[in-house]
Amino acid sequence: MIHADSEFLQRDRSIHPPAFTPDYKTSVLRSPRRAMISLQSSLSEVTGPAFGHSELGPLDNDLILNYAREGEPIGERIFVHGHVRDENGRGIPHTLVEFWQANAGGRYRHRNDRYLAPIDPNFGGCGRTITDENGFYYFRTIKPGPYPWRNNLNSWRPAHIHFSVFGSGFAQRLITQMYFEGDPLIWRDPMVQGIPDRSAAERLIAPLDLGAAVPLDMLAYKFDIVLRGRQQTLFENKLQGN
Amino acid sequence: MVQPLPVRLQETPSQTAGPYVHIGLIPLQAGFDIFETNFTNVLTGPDTAGERIRIEGRVFDGAGALVRDVLIEIWQANSAGRYNHPADRQESKPLDAGFRGWGRTGSDFETGVWSFETVKPGPIVGRKGHRPMAPHINLWIAARGINIGLQTRLYFADEASANADDPVLNLVERGQQRDSLLARREERDGKTVYVFDIYLQGPNETVFFDV
């Protein structure tokens, strides 16, 4: 049995990039060096915030329209969808999924982005949604472009969309990036290369999903997300005292 | 009877939030207004019960430089020590319907200071067989250069006796490491502020938890 307050499974850190990945230079001074202290789950980890549909606007999951001013944004229209599950294979219902990205030219609408590609006046580059009762989500957007960044002199990020996901307990909190099938920049990227396990990194690459494409309108990509799972017990859960 | 093997998927790998995390999660700080409702650093409403406090701090890198592009989220119990979540079954403690207990903010691009307006949480029941947990706030930190979100806890330096019994603090070596989890209390213009600086690396490195 898995309960709402069942403890989380130990996180398998071998499938995550370690804190210190020197080929990604910014990690050098921002990586803790001491061993983390492992905690058994308490109420502080198995609980987490919940969000309601009333907090979202009707266009929050439509990046083609949610910042359109005088017209629609430039670029390749795409549909992104997927299933949010936990490691136990259970869909995670009603959880907040947020996403942000560059525009088709590889430029972010951000005061700190100085790349010479232009801002698209009709594209904000962020959105959010809540998974349905079975853990599925979807949104519409413009396919982001690759862009140069200051790591090595000639470093280019593969096209990507950033994702932020909550789950039902704060220990499941995750930020990641989705890449696009077939992008030749993926395996040259130090953030992707920071993942020690190649098969794990491959799970960040969303395959083209022709079956979900909208004919004469937009292509689709499928990006499934797995959050941490919980321990299964045969007996009554014993997390809380009293 | 043969039991089916439990499904076991692997967690999706983490990737850094990058320098433009503000766009997606706190777009007002990125410099534009897109959502009708924005998630903020104010956890309290007019009716929230408990002692109003501000918590604030800065984040430093391994060279002692201010980190000015951090995203910080907090998750906490209400002033009675109960989480707004169905797994919290401390029925004897009241729920505060208007208090979610979660907030997010970014460090200021100039000063590096981040802050939250909240209430001081109460003590929380510990794991079965363990003592109660002292009042604390759970922090989650993401930024450019941080490959996987960092988890830590803010405890209150003026809760010495509760802290002395806290089952998590007692896992941490006394001295600098334990002190790195204690926020110090200040009074400013009649308001209570708890200051909690975070050191990502170096001799003062903050204790982070693998939860």
Side-chain angles (χ1 to χ4, degrees), chain A residues 4-5 15-17 19 21 26-27 29-34 36-39 42-49 55 57 66-67 85 87-89 98-100 108-112 124-126 162 164 170-171 173-177 191 194-195 200 203-204 225-226 228 232 238-242, chain B residues 6-20 22-25 27 30-32 34-37 61-63 67 75 83 85-89 100-102 124-128 130 133 138 140 142-150 168 171-172 200-201 205 207-211:
Chain A
D5 65 348
I15 58 108
H16 293 286
T21 49
T26 315
S27 76
L29 286 173
R30 294 184 171 195
S31 42
R33 299 301 164 86
R34 291 186 185 153
M36 284 184 285
I37 293 180
S38 293
L39 293 189
S42 72
L43 270 185
S44 298
E45 288 77 36
V46 301
T47 60
E55 297 180 88
N66 72 5
Y67 205 75
R85 288 176 293 176
E87 291 171 306
N88 309 101
E98 298 163 287
F99 17 87
W100 67 99
Y108 284 93
R109 182 177 285 279
H110 191 290
R111 49 185 274 180
N112 295 343
C126 62
H162 297 266
S164 159
F170 205 48
R173 192 79 181 83
L174 183 74
I175 280 183
T176 190
Q177 300 181 31
M191 293 179 195
I195 299 169
R203 287 187 280 111
L204 297 182
I225 296 169
V226 179
R228 295 173 62 190
Q232 307 190 40
K238 291 193 173 67
L239 177 63
Q240 284 164 71
N242 298 335
Chain B
V7 176
R8 185 58 59 83
L9 303 173
Q10 273 196 325
E11 190 186 9
T12 298
S14 172
Q15 293 275 267
T16 179
Y20 308 124
H22 317 87
I23 290 182
L25 305 186
F32 69 111
I34 185 167
F35 297 134
E36 288 170 31
T37 312
D61 73 11
V67 181
W75 170 243
Y83 285 103
H85 188 282
D88 188 329
R89 300 193 307 258
R100 174 154 49 196
W102 173 84
I124 300 148
V125 65
R127 287 170 55 85
K128 193 171 180 72
H130 290 262
M133 294 188 282
N138 308 286
W140 186 77
R144 177 172 71 105
I146 294 177
N147 286 324
I148 181 165
L150 300 171
V168 169
L171 295 173
V172 181
L200 297 177
Q201 193 188 95
E205 188 174 308
V207 169
F208 297 104
F209 295 107
D210 190 10
V211 299

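What you see is a predicted model, and the numbers here were worked out from it, not measured in a lab. Lettering of chains follows the sequences in order, A, B, ..., and the numbering in each one begins at 1.
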Undergrad: What part of A:S164 gets within 4.5 angstrom of chain B, counting heavy atoms only: side chain, backbone, both, or neither?
TA: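 Side chain of A:S164 only, per the 4.5 Å heavy-atom cut-off to chain B.
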
Undergrad: Rounded to the nearest 0.5 Å, what separates atom CG in B:N138 from atom OG1 in A:T47?
TA: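 Answer for the CG-OG1 pair, B:N138 versus A:T47, is 7.0 Å.
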
Undergrad: What part of A:A19 is in contact with chain B, defined as an atom under 4.5 angstrom from a non-hydrogen atom: side chain, backbone, both or neither?
TA: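 Just the backbone, heavy atoms under 4.5 Å.
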
Undergrad: Find the one option among A:G124, A:G48, A:A171 whose heavy-atom pairs under 4.5 Å with chain B are most numerous.
TA: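 Most heavy-atom pairs within the cutoff with chain B belong to A:G48.
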
Undergrad: Side chain, backbone, both or neither: which part of A:I15 has a non-hydrogen atom closer than 4.5 Å to chain B?
TA: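 For A:I15, heavy atoms of backbone and side chain both lie under 4.5 Å from chain B.
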
Undergrad: Please give me the minimum heavy-atom distance between A:P17 and B:I148, naming the atom from each residue.
TA: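 Closest approach of A:P17 to B:I148: O-CG2, 4.1 Å.
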
Undergrad: Measure the shortest side-chain to side-chain distance between A:C126 and B:F35 over non-hydrogen atoms and say whether it is less than 4.5 angstrom.
TA: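 In short, these two side chains touch, coming nearer than 4.5 Å.
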
Undergrad: Considering only heavy atoms, which portion of A:H162 lies under 4.5 Å from any heavy atom of chain B: side chain, backbone, both, or neither?
TA: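 For A:H162, the contact with chain B is made by the side chain alone.
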
Undergrad: Please round to the nearest 0.5 Å and tell me the distance separating atom CZ of B:F32 and atom CZ of A:R109.
TA: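 Separation between the atoms: 6.5 Å.
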
Undergrad: Below 4.5 Å, heavy-atom pairs only: which of A:H110, A:M36, A:R228 has the largest tally toward chain B?
TA: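 Greatest number of close heavy-atom pairs with chain B: A:H110.
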
Undergrad: Could you look at A:Q177 and say if it's the side chain, the backbone, both or neither that has a heavy atom under 4.5 Å from chain B?
TA: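 Both parts, heavy atoms under 4.5 Å.
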
Undergrad: Looking at B:F209, B:F208, B:Y20, which makes the most heavy-atom pairs under 4.5 Å with chain A?
TA: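 Ranked by heavy-atom pairs under 4.5 Å with chain A, first place is B:Y20.
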
Undergrad: Do A:L29 and B:Q201 come within less than 4.5 Å of each other through their side chains, counting heavy atoms only?
TA: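 Yes. Closest side-chain heavy atoms under 4.5 Å.
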
Undergrad: Would you give the length of the straight line joining atom CZ of B:R89 to atom CG of A:D5, rounded to the nearest 0.5 angstrom?
TA: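 One gets 4.5 Å once the value is rounded to the nearest 0.5 Å.
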
Undergrad: For B:L150 and A:R30, what are the C-alpha separation, side-chain angles and deciding distance, and is it a side chain to side chain contact (heavy atoms under 4.5 Å, CB included)?
TA: CA-CA 11 Å; B:L150 300 171; A:R30 294 184 171 195; over 6 Å; no

Undergrad: Among B:E11, B:R144, B:H85, which residue has the highest count of heavy-atom pairs closer than 4.5 Å to chain A?
TA: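 It is B:E11.
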
Undergrad: So for B:Y83, is it side chain, backbone, both, or neither that comes closer than 4.5 Å to the heavy atoms of chain A?
TA: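 Contact with chain A: side chain only.
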
Undergrad: Anything under 30° is parallel, anything over 60° is perpendicular, the rest tilted; go ahead and classify A:F170 against B:W75.
TA: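 The arrangement is tilted - the two ring planes meet at 30° to 60°.
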
Undergrad: Below 4.5 Å from any heavy atom of chain A, which atoms of B:R100 appear? Answer side chain, backbone, both or neither.
TA: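 Side chain only.
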
Undergrad: Heavy-atom distance under 4.5 Å to chain A: side chain of B:I124, backbone, both or neither?
TA: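 For B:I124, side-chain heavy atoms alone lie under 4.5 Å from chain A.
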
Undergrad: In Å, rounded to the nearest 0.5 Å, how long is the span from OG of A:S44 to CZ of B:R127?
TA: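 A:S44 atom OG to B:R127 atom CZ measures 12.0 Å (nearest 0.5 Å).
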
Undergrad: Does any non-hydrogen side-chain atom of B:S14 lie less than 4.5 Å from one of A:L174?
TA: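 Yes, close enough: below the 4.5 Å cut-off.
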
Undergrad: Which region of B:A63, side chain (C-beta onward) or backbone (N, CA, C, O), has a non-hydrogen atom less than 4.5 Å from a non-hydrogen atom of chain A, or is it both or neither?
TA: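 B:A63 touches chain A through backbone and side-chain heavy atoms alike.
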
Undergrad: When rounded to the nearest 0.5 angstrom, what is the spacing between CG in A:N88 and CZ in B:R8?
TA: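 Reported to 0.5 Å precision, the distance equals 6.5 Å.
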
Undergrad: Measure across A:I175 and B:A142 and return the closest heavy-atom pair with its distance rounded to 0.1 Å.
TA: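 Between these two residues, the closest heavy atoms are CD1-CB, 4.2 Å.
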
Undergrad: Can you say whether A:L43 sits under 4.5 Å from chain B via the side chain, the backbone, both, or neither, judging by heavy atoms?
TA: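 Contact with chain B involves both backbone and side-chain atoms of A:L43.
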
Undergrad: Shorter than 4.5 Å, heavy atoms on both sides: which option in A:R111, A:R34, A:E45, A:M191 has the most such pairs with chain B?
TA: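 Of A:R111, A:R34, A:E45, A:M191, A:R34 has the most heavy-atom pairs under 4.5 Å with chain B.
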
Undergrad: For each of B:T12, B:L200, B:V207, tally heavy-atom pairs with chain A at distances under 4.5 Å, and name the one with the top tally.
TA: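 So the answer, after comparing B:T12, B:L200, B:V207, is B:T12.
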
Undergrad: Name the option with the most non-hydrogen atom pairs under 4.5 Å to chain A; the candidates are B:P19, B:P86, B:P13.
TA: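 Maximum pair count with chain A is reached by B:P13.
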
Undergrad: With a 4.5 Å cut-off on heavy-atom pairs, point out which of B:L171, B:D61, B:T16 contacts chain A the most.
TA: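 Most heavy-atom pairs within the cutoff with chain A belong to B:T16.
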
Undergrad: Kindly compute the distance separating CD (A:E55) from CD (B:E36), expressed to the nearest 0.5 Å.
TA: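 These two atoms lie 12.5 Å from each other.
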
Undergrad: Checking A:R203 against chain B: side chain, backbone, both or neither under 4.5 Å from a heavy atom?
TA: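 A:R203 touches chain B through side-chain heavy atoms alone.
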
Undergrad: For B:V67, is it the side chain, the backbone, both or neither that has a heavy atom under 4.5 Å from a heavy atom of chain A?
TA: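 Backbone plus side chain of B:V67, per the 4.5 Å heavy-atom cut-off to chain A.
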
Undergrad: What residue in A:S31, A:A200, A:A4 has the most heavy-atom pairs under 4.5 Å with chain B?
TA: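 Ranked by heavy-atom pairs under 4.5 Å with chain B, first place is A:S31.
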
